[in-house]
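Below: the structure, in structure tokens.
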Amino acid sequence: MDHKSWMRTVPPETLAALNETSDRAGLLQLAGHLGAIVVVGAAIVAGPPGWWLLLPVQGVLLVFLFTLLHETVHFTPFRSRWLNIAAGYLAGAVLLIPPHWFRYYHLAHHRHTHDPAHDPELAEPKPESWGAYAWYLTGLSVWRSSIITLCRNAAGRARDPFLPERARGRVQAEAMAMLAFYAGLVAWSGLAGSGVLLWLWLIPVILGQPFLRLYLLAEHTRCPHVANMFENTRTTFTSRAIRWLAWNMPYHAEHHALPTVPFHRLPALHALTRPHLQSTSEGYTAFHADYQAALRRKEEAMP
């Protein structure tokens with residue numbers, strides 16, 4: 001059964017319950033996530049022995065705000081629209097991703113999930129060699145792409161095929177405002193002689209990005225190029241801690257089947273869809289072990 005056939009079997013009242021958003025659930029999750037960032041950041045500032053070991057921990061907490069940004073694209077983490085917008089700009093500022101532009105990018109991904117001709121996520125091919133795999137995991141190409149996108153958008157040269165003409169003015173204003181914000185932060189840091197931005201943000205996000213790459217690679221890579229969301233998207237069975245960190249997005253096939261369902265109701269949606277899921281992994285370690293084995297077989301098959 002594909003996801004569309006399954007949806008026709010779900011009673012309307014069940015769908016309505018699944019789609020119910022909540023400011024309370026979203027704010028509790030956000031408070032926990034930001035609270036963890038503040039606690040780890042305070043420990044770094046305090047500088048106990050081995051404080052530098054906390055840098056990648058801070059980085060993981062920061063880069064996984066991407067999953068919040070991703071959710072705000074759908075206006076689902078919170079019931080209030082303004083909270084979704086504010087949280088999206090907070091997460092986007094941390095990760096150098098302009099939220100309004102990203103909304104068009106991500107919705108195109110949902111319309112054309114895993115379609116090589118139209119899915120913007122496939123514009124950069126997934127790694128098919130050990131070198132490409134290692135380069136992807138560094139995250140350096142992501143930072144390069146984000147900086148180029150911001151500068152291009154600010155210059156009014158955003159011509160992405162998923163971006164409608166009517167949105168270009170707002171996308172340009174958004175990028176200009178973000179660049180001005182970063183310039184202000186750099187100026188403040190220089191005048192204050194403070195290394196806070198460096199040690200609490202820049203170095204941690206660079207160290208944390210490989211962990212986000214490991215996570216994101218599992219969402220669609222090596223899934224069939226078909227229209228069925230239960231096949232072209234992978235759900236990864238993982239620990240409660242990782243599901244919390246990623247705003248329940250390891251339930252990714254479920255999210256693609258019904259993207260209007262908020263993060264806190266994805267476990268309930270998973271309970272309904274699990275018998276129909278066709279692309280799953282028993283954890284991220286298992287996914288990458290299989291991926292690496294496939295790369296090894298490909299390498300051994302080469303003349």
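- In the hydrophobic cluster analysis, where Ile, Leu, Val, Met, Phe, Trp and Tyr join through side-chain heavy atoms closer than 4.5 angstrom, Trp201 is grouped together with Trp51.
- In the displayed structure, Trp52 atom CH2 is contacted under 6.0 Å by at most 12 heavy atoms of other residues, nucleotides or ligands.
- Minimum heavy-atom separation, Gly92 to Pro99: CA-CG, 4.3 Å.
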- Task: Show your working on side chain to side chain contact (heavy atoms under 4.5 Å, CB included) between Leu272 and Thr14 and close with a plain yes or no.
- Result: CA-CA 10 Å; Leu272 297 174; Thr14 300; 3.9 Å; yes
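- Atom CG in Leu107 sits 6.0 Å away from atom CZ in Arg111 (nearest 0.5 Å).
- Here Phe237 contributes atom CZ and Tyr284 contributes atom OH; the two are 11.0 Å apart, rounded to the nearest 0.5 Å.
- Val40 is listed as a side-chain neighbour of Ile44, based on a closest heavy-atom distance under 4.5 Å.
- Within a 6.0 Å radius of CZ in Phe181, no more than 12 heavy atoms belonging to other residues, nucleotides or ligands are found.
- Counted within 6.0 Å of NZ on Lys126, heavy atoms from surrounding residues, nucleotides or ligands total more than 12; the atom is thus considered enclosed.
- In this model, no donor atom of one side chain and acceptor atom of the other lie less than 3.5 Å apart for Trp244 and His33.
- The aromatic ring centres of Trp130 and Trp135 sit 6.0 Å or more apart.
- Ring pair His276/Trp6 is tilted by interplanar angle, where 30° to 60° counts as tilted.
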- Task: Using the side chain to side chain contact (heavy atoms under 4.5 Å, CB included) rule, take Phe230 and His256 through it: C-alpha gap first, then chi angles, then the decisive distance, then the call.
- Result: CA-CA 8 Å; Phe230 291 154; His256 269 263; over 6 Å; no
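- Between His74 and His106, the side chains place a donor N or O and an acceptor N or O closer than 3.5 Å (distance only, hydrogens not considered).
- For the pair Leu163 and Ala158, the tightest heavy-atom approach, listed with the atom from each and the gap, is CD2-CB, 3.6 Å.
- To the nearest 0.5 Å, atom CG of residue Leu137 and atom CG of residue Leu217 are 7.0 Å apart.
- With values rounded to the nearest 0.5 angstrom, Gln58 atom CD is found 8.0 Å from Leu55 atom CG.
- In terms of hydrophobic clustering, with Ile, Leu, Val, Met, Phe, Trp and Tyr side chains grouped at heavy-atom distances under 4.5 Å, Val73 and Ile97 are assigned to a common cluster.
- Remark: the backbone N or O of Ser141 is not paired with any side-chain donor or acceptor of Ser145 at under 3.5 angstrom.
- Proximity of a side-chain donor or acceptor of Thr235 to a complementary backbone N or O of Thr280 within less than 3.5 Å is not detected.
- Residues Pro98 and Leu150 are in side-chain contact: their nearest non-hydrogen atoms beyond the backbone lie under 4.5 Å apart.
- Looking only at distances, a side-chain donor or acceptor of Thr138 sits under 3.5 Å from a matching main-chain atom of Leu140.
- In this structure, Ser146 and Leu95 have side chains that are not in contact, with every pair of non-hydrogen atoms separated by 4.5 Å or more.
- A donor atom on one side chain and an acceptor atom on the other are found under 3.5 Å apart for His255 and His110.
- Centroid-to-centroid, the aromatic rings of Phe211 and Tyr215 stay 6.0 Å apart or farther.
- A donor-acceptor pair is defined here as one N or O able to donate and one able to accept, closer than 3.5 Å; such a pair exists between the side chain of Asp23 and the backbone of Arg79.
- Within the 4.5 Å cutoff, side-chain heavy atoms of Pro77 are placed close to those of Asn84.
- The main-chain N or O of Arg243 is never found under 3.5 Å from a side-chain atom of Tyr251 such that the two would form a donor-acceptor pair.
- Cluster annotation: Leu295 and Leu216 are assigned to the same hydrophobic cluster (Ile/Leu/Val/Met/Phe/Trp/Tyr, side-chain heavy-atom contacts under 4.5 Å, transitive).
- Checking Val186, Leu185, Ile203 one by one against Leu197, the side chain to side chain contact (heavy atoms under 4.5 Å, CB included) holds for a single residue, Leu185.
- Counting only distance, with no hydrogens or angles, the side chain of His220 and the backbone of Thr113 share no donor-acceptor pair below 3.5 Å.
- To the nearest 0.5 Å, the span separating CG on Leu245 from CG on Leu68 amounts to 11.5 Å.
- Put simply, CG on Leu200 and CD1 on Ile37 are 11.0 Å apart, with the number rounded to the nearest 0.5 Å.
- At distances below 3.5 Å, not a single donor-acceptor pair connects side-chain atoms of His100 with backbone N or O atoms of Val171.
- By the criterion of side-chain heavy atoms lying less than 4.5 angstrom apart, applied directly or through intervening Ile, Leu, Val, Met, Phe, Trp or Tyr residues, Val57 is grouped together with Val60 in one hydrophobic cluster.
- In this structure, the side chains of Thr67 and Asn248 stay at 4.5 Å or more apart for every pair of heavy atoms.
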- Worked verdict on Arg152 versus Asp160 for salt bridge (Lys or Arg N to Asp or Glu O under 4.0 Å): CA-CA 11 Å; Arg152 182 199 62 198; Asp160 303 290; 3.0 Å; yes
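- Taking the six-membered ring for Trp, Tyr136 and Tyr133 have ring centres at least 6.0 Å apart.
- In terms of heavy atoms, Ala257 sits closest to Met7 at O-SD, 3.7 Å.
- The cationic group of Arg81 lies under 6.0 Å from the six-membered ring centre of Phe75 and within 45° of the ring axis, placing it in a cation-pi geometry.
- Side chains of Glu254 and Val261 form no contact here, defined as non-hydrogen atoms less than 4.5 Å apart.
- Between Tyr89 and Glu174 there is a side-chain heavy-atom pair separated by less than 4.5 Å.
- Judged by distance alone, with hydrogens and angles left aside, the side-chain atoms of Glu121 form no donor-acceptor pair with the main-chain N or O of His114 at under 3.5 Å.
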- Which is it for Leu122 and Asp115 under the side chain to side chain contact (heavy atoms under 4.5 Å, CB included) test, yes or no, and what are the steps along the way? CA-CA 8 Å; Leu122 297 179; Asp115 176 353; 5.9 Å; no
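- Side-chain atoms of Ser279 and Glu231 include no donor-acceptor pair closer than 3.5 Å.
- Here the closest non-hydrogen pair linking Phe78 and Leu27 is CE2-N, 3.5 Å.
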- Where do Leu214 and Phe287 land on the side chain to side chain contact (heavy atoms under 4.5 Å, CB included) test, with the steps shown first? CA-CA 9 Å; Leu214 286 166; Phe287 167 77; over 6 Å; no
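- Annotation: side chain of Leu15 is in contact with side chain of Leu258 (closest heavy-atom distance under 4.5 Å).
- Between the side chain of Ser22 and the backbone N or O of Arg24 there is at least one donor-acceptor pair closer than 3.5 Å.
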- salt bridge (Lys or Arg N to Asp or Glu O under 4.0 Å) assessment of Arg265 paired with Glu20: CA-CA 8 Å; Arg265 297 196 179 273; Glu20 187 175 350; 3.7 Å; yes
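- A distance-only check finds a donor-acceptor pair linking the side chain of Gln172 to the backbone of Ala154 [under 3.5 Å].
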- Task: Dump the intermediate steps for ring pair (Phe, Tyr, Trp, His ring centres under 6.0 Å) on Phe66 and Phe102, then the final yes or no.
- Result: CA-CA 11 Å; Phe66 175 82; Phe102 182 70; 5.6 Å; yes
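- Side-chain atoms of Thr260 and Asn19 form a donor-acceptor pair, as typed in the model, at a separation below 3.5 Å.
- Grouping the Ile, Leu, Val, Met, Phe, Trp and Tyr side chains by contacts below 4.5 angstrom, directly or via other members, places Val10 with Leu266.
- For the 3.5 Å distance criterion, the side chains of Arg213 and Gln209 qualify, holding a donor opposite an acceptor.
- Between Glu128 and Arg222 a salt bridge is recorded (basic side-chain N to carboxylate O distance below 4.0 Å).
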